[in-house]
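Note that the structure is a prediction, hence the values are computed from the model and not measured.
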Amino acid sequence: MTLRAILVLGSALSAGLPVHATDWQPLPESAPIPENNPQSEAKVLLGKTLYFDPRFSEHGTLSCNSCHNVMAGGDDNRPNSIGMHDARGDRSAPTVWNAAFYSTQFWDGRAATLEDQAKGPVVNPIEMGMESLDEAMARLKQIPGYIPMFEAAFPGEADPVTADHAAMAVAAFERTLITPNSPYDRYVKGDEGALSEQQVRGMNSFSELGCTSCHSGPNFSGPPLPMGTGFFMKFPTYPGSAYDEQYGLLEDSGRYAVTQKDEDKHTWRVPTLRNVALTAPYFHNGKVATLDEAVRVMAKTQLNKELSDEQATDLVAFLGALSGEFPEMTMPRLPGTPGMSVIPP
């Protein structure tokens, strides 16, 4: 046993932690920052402004925040988000809080980085509906106030107002969306009173049942991996339960739609459990309404186990302890267009 392992074990014993769990870790105070997109105050402000601006959707009605509401749990609490022309996709909007800790983005991991992810919804016909990124940038360039913001965020660039820079700015803002210091985080740091007895029982059950085989690491979304290397899992791992039909678990092929590899059928990027109590309804299709039902579905489909009512209640209590502290969020003032509108009639 290494010195670190001895220290972790001793700390766990003294704090009453479940020592059989593998590597309980608090959430870091900051997310990984790629070398090619360093943070700056000007870049984060630009990204935040773009994130809240609905003018980069076809009819000027939808922003990133419409589906990933950072004034709440980072999603929209709908089974499926409402896109342009009232279109709806087959998948639920995942929370953007702590998404900076993922090594791939989207439910199927098709985007390697937050920068890649930021470009997709703008031109998706059932999301923001713009015909192209060029069209979106042409609209942006008609808004005078954005030009100096891009120049401040990307100083010295010959052409700072580009789609790549817009995506980099949005990603920089999203890397500030971290919710540390949850009751769980305080507990694993040694605050024995941070969790209730029921939450500690749920934490033990979480480990004993095998939930940590997928939902591990500080983000409860799997081990930290190099950017672009996703952590994926079959869902359902044990098909054949009544839940398959009840909740349509086999209707979406998951990552297979991206790779066309048979082994990727019904495979998904493991989602974070941070703030999961705030992001109902659950799963990629948003068909499970409550967290109590979600833990029962997961136990059966992923671990082939039936939960007792007490186990389910304890697990839900523990998952509630993963809700962290949200940074103060103020709505940005969007640059105006005096005497005109950039939205076509």
Asker: With E174, which residues qualify under side chain to side chain donor-acceptor pair (under 3.5 Å), at least two apart?
Answerer: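 Listed in chain order: nothing, the list is empty.
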Asker: Closest heavy-atom contact between F154 and H165?
Answerer: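 Heavy atoms only, the tightest pair is CZ-O, 3.3 Å.
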Asker: Hey, is D252 close enough to K265 for a salt bridge, meaning N to O under 4.0 Å?
Answerer: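 A salt bridge is absent here (no side-chain N lies under 4.0 Å from a carboxylate O).
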Asker: Where the side chain of K48 meets the backbone of T330, is there a donor-acceptor pair that is under 3.5 Å apart?
Answerer: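 Yes, the answer is positive, given that a donor and an acceptor are paired below the 3.5 Å cut-off.
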Asker: Which pairs of donor and acceptor atoms, one on a side chain in residues 278-288, lie under 3.5 Å apart (sequence neighbours left out)?
Answerer:
unit_1 : atom_1 : unit_2 : atom_2 : d
T279   : OG1    : V276   : O      : 3.2
Y282   : OH     : V276   : O      : 2.7
N285   : OD1    : K287   : N      : 3.2
N285   : ND2    : Y247   : O      : 2.9
K287   : NZ     : E251   : OE1    : 3.3

Asker: Could you go through residues 64-72 and list every donor-acceptor pair under 3.5 Å that involves a side-chain atom there, pairing it with any protein atom two or more places apart or in another chain?
Answerer:
unit_1 : atom_1 : unit_2 : atom_2 : d
N65    : OD1    : V70    : N      : 2.8
N65    : ND2    : N69    : OD1    : 3.3
S66    : OG     : S63    : N      : 2.9
S66    : OG     : S63    : O      : 3.3
H68    : ND1    : P94    : O      : 2.8
N69    : OD1    : M71    : N      : 2.9

Asker: Provide the closest heavy-atom pair for V342 versus M340 in the form atom of the first, atom of the second, distance.
Answerer: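 Of all heavy-atom pairs spanning V342 and M340, the closest is CG1-CE, 4.0 Å.
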Asker: My understanding is that only one of L50, L334, L140, T61 makes a side-chain contact (heavy atoms from CB on, under 4.5 Å) with R55; could you say which?
Answerer: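 Single pass found, and it is L334.
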Asker: Between Q105 and D116, is any side-chain donor less than 3.5 angstrom from a side-chain acceptor?
Answerer: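 The answer is no; no qualifying pair exists.
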Asker: Does A166 offer a backbone N or O that forms a donor-acceptor pair with the side chain of K119 under 3.5 Å?
Answerer: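 Here the side-chain-to-backbone pair does not exist.
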Asker: Please report the closest heavy-atom contact between R296 and D309, naming both atoms and the distance.
Answerer: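 So the minimum-distance heavy-atom pair works out to NH2-OD1, 3.1 Å.
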Asker: Could you measure the distance from the CG atom of N219 to the CG atom of L273? Nearest 0.5 Å is fine.
Answerer: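 These two atoms lie 8.5 Å from each other.
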Asker: Could you walk me through whether M149 and K43 pass side-chain contact (heavy atoms from CB on, under 4.5 Å), step by step?
Answerer: CA-CA 8 Å; M149 295 182 73; K43 191 183 296 181; over 6 Å; no
Asker: List the atom pairs, donor and acceptor, that lie under 3.5 Å between side-chain atoms in residues 256-263 and the rest of the protein, sequence neighbours left out.
Answerer:
unit_1 : atom_1 : unit_2 : atom_2 : d
T259   : OG1    : K261   : N      : 3.2
T259   : OG1    : D264   : OD2    : 2.6
Q260   : NE2    : Y256   : O      : 3.2

Asker: Do R269 and Y102 meet the cation-pi criteria used here (NZ or CZ under 6.0 Å from the six-membered ring centre, within 45° of the axis)?
Answerer: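 Here R269 passes the 6.0 Å and 45° test against Y102.
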Asker: Taking the side chain from E131 and the backbone from V123, do they hold a donor-acceptor pair closer than 3.5 Å?
Answerer: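 Checking the backbone N and O of V123 against the side chain of E131, no donor-acceptor pair under 3.5 Å is found.
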Asker: Roughly how far, to the nearest 0.5 Å, is CD of Q198 from CD of E310?
Answerer: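 That separation rounds to 8.5 Å.
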Asker: Could you please spell out the steps behind the side-chain contact (heavy atoms from CB on, under 4.5 Å) verdict for R110 and Q117?
Answerer: CA-CA 8 Å; R110 65 184 181 274; Q117 187 278 331; over 6 Å; no
Asker: More than 12 heavy atoms of other residues, nucleotides or ligands under 6.0 Å from CG of D90: yes or no?
Answerer: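 Atom CG in D90 is not crowded, with 12 or fewer foreign heavy atoms closer than 6.0 Å.
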Asker: Quick one: closest heavy-atom pair of W97 and P327, and the distance?
Answerer: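 Looks like CZ3-CD, 3.5 Å.
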Asker: Are Q302 and T237 close enough that a side-chain donor and a side-chain acceptor fall under 3.5 Å?
Answerer: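 Side chains of Q302 and T237: pair found under 3.5 Å.
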Asker: Using the ring of F232 (Phe, Tyr or Trp, six-membered ring only), decide whether R255 places NZ or CZ under 6.0 Å from its centre and within 45 degrees of its axis.
Answerer: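 Flagged: R255 positioned over aromatic ring of F232.
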Asker: Salt bridge or not for D185 and K189, using N-O below 4.0 Å?
Answerer: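 No salt bridge links D185 with K189.
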Asker: Is there a donor in the side chain of N275 and an acceptor in the side chain of T95, or the other way round, less than 3.5 Å apart?
Answerer: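 Checked: N275/T95 side chains show no N/O donor-acceptor pair below 3.5 Å.
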Asker: Checking one residue: L225. Which other hydrophobic residues are in its cluster under the side-chain 4.5 Å linking rule?
Answerer: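 F231, M233, V270, which link up through side-chain heavy atoms under 4.5 Å apart, make up the rest of the cluster.
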Asker: Looking only at heavy atoms, which two atoms of R139 and S57 are closest? And how far apart?
Answerer: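 Closest approach of R139 to S57, heavy atoms only: NH1-O, 2.7 Å.
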Asker: Please lay out, stage by stage, how I126 and M84 fare under the test side-chain contact (heavy atoms from CB on, under 4.5 Å).
Answerer: CA-CA 6 Å; I126 62 172; M84 203 56 55; over 6 Å; no
Asker: For the pair S103 (side chain) and G228 (backbone), establish whether a donor and an acceptor sit closer than 3.5 Å, ignoring hydrogens and angles.
Answerer: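 Side chain of S103 to backbone of G228, a donor-acceptor pair under 3.5 Å: no, none is there.
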Asker: In residues 315-324, what donor-acceptor pairs under 3.5 Å come from side-chain atoms, sequence neighbours left out?
Answerer:
none

Asker: Specify whether F220 and Y184 have parallel, tilted or perpendicular ring planes, treating 30° as the upper limit for parallel and 60° as the lower limit for perpendicular.
Answerer: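 The arrangement is perpendicular - the two ring planes meet at more than 60°.
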Asker: Could you give me the CA-CA distance, side-chain angles and deciding distance for L62 and E127, then say whether side-chain contact (heavy atoms from CB on, under 4.5 Å) is met?
Answerer: CA-CA 8 Å; L62 298 174; E127 294 186 57; over 6 Å; no
